[in-house]
Amino acid sequence: QVQLVESGGGLVQPGGSLRLSCAASGIGFRINDMAWYRGDMRDLVASITSRGMTEYADSAKGRFTISLNNAKNTMYLQMNNLKPEDTAIYYCKTDAWPVGSSGSYLYWGQGTQVTVAS
């Protein structure tokens, strides 16, 4: 099993910044990739592979930066120039391969609220 814990959400004014973190923990696993989603529809915000390849939603390009510390099994999302429409619950997800398993599995965190308002 892999547990994901997000942190870093909060209330910020338009134009401000936040840094979200997602820490993966468990016994014996390998992360294939991680990603941030947001909202009820779980829209993809950004993703990153264990090798550092990244993808961004159009709404995130130029403002958000995703990164992964493989040694700490922790993913980050640096969000700059935040807008009210970025308000949502942000969820992290990982595709991870538990030791001894025949395949990889998807795991989700509980989410962290981001509110952008004056």
- prompt: Between D86 and R38, is there a side-chain N and carboxylate O pair less than 4.0 Å apart?
  reply: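 Salt bridge between D86 and R38, a charged N being under 4.0 Å from a carboxylate O: yes.
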
field: Close side-chain approach of C22 to M34, heavy-atom, < 4.5 Å
entry: yes

- prompt: Within a strict 4.5 Å, meaning less than it, do heavy atoms of the N73 and F29 side chains meet?
  reply: yes

Kindly say whether [Y] contributes a backbone atom to a donor-acceptor pair with the side chain of [X] at under 3.5 angstrom?
| X | Y | value |
| --- | --- | --- |
| Y90 | G39 | no |
| E6 | L20 | no |
| N32 | T49 | no |

- prompt: In this structure, which one of L4, V5, L77 forms a side-chain contact (heavy atoms from CB on, under 4.5 Å) with C92?
  reply: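 For C92, the side-chain contact (heavy atoms from CB on, under 4.5 Å) test succeeds with only one of L4, V5, L77, which is L4.
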
Separation of [Y] [atom2] from [X] [atom1] (nearest 0.5 Å):
| X | Y | atom1 | atom2 | answer |
| --- | --- | --- | --- | --- |
| L18 | L82 | CG | CG | 5.5 Å |
| M75 | D33 | CE | CG | 9.5 Å |
| T65 | R19 | OG1 | CZ | 10.5 Å |
| D40 | I89 | CG | CD1 | 7.0 Å |
| L11 | Q13 | CG | CD | 8.0 Å |

query: More than 12 heavy atoms of other residues, nucleotides or ligands under 6.0 Å from CD1 of I27: is that the case?
result: no

field: Over 12 foreign heavy atoms within 6.0 Å of CD, E85
entry: yes

Considering non-hydrogen atoms only, spot the tightest contact between [X] and [Y] and give its length.
| X | Y | value |
| --- | --- | --- |
| N81 | R63 | O-NH1, 3.0 Å |
| V2 | A96 | CG2-CB, 4.1 Å |
| N80 | S17 | OD1-OG, 2.9 Å |
| S21 | W36 | O-CH2, 3.5 Å |

Is [X] linked to [Y] within one hydrophobic cluster, defined over Ile, Leu, Val, Met, Phe, Trp and Tyr using a side-chain heavy-atom separation of less than 4.5 Å?
| X | Y | answer |
| --- | --- | --- |
| I66 | L68 | yes |
| Y56 | M79 | yes |
| V45 | I31 | yes |

Donor-acceptor contacts under 3.5 Å from residues 107-118 side chains, at least two apart:
from, atom 1, to, atom 2, distance (Å)
T112, OG1, G9, N, 3.2
Q113, NE2, A88, O, 3.4
Q113, NE2, T115, OG1, 3.4

- request: Check whether the side chains of N69 and T74 place a donor and an acceptor atom closer than 3.5 Å, and report yes or no.
  value: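 Side-chain D/A pair, N69 to T74: absent.
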
query: Hey, mind stepping through M53 and I48 against side-chain contact (heavy atoms from CB on, under 4.5 Å) and telling me if it holds?
result: CA-CA 5 Å; M53 295 181 63; I48 186 167; over 6 Å; no

Please tabulate, one pair per line, all N/O donor-acceptor pairs under 3.5 Å involving side-chain atoms of residues 98-105, not counting sequence neighbours.
from, atom 1, to, atom 2, distance (Å)
S101, OG, G103, N, 3.2
S101, OG, G103, O, 2.8
S104, OG, D95, OD1, 2.8

task: Begin with the C-alpha distance, continue with both residues' side-chain angles, and end with the deciding distance and a verdict on side-chain contact (heavy atoms from CB on, under 4.5 Å) for D43 and Y37.
output: CA-CA 5 Å; D43 296 319; Y37 290 76; 5.8 Å; no

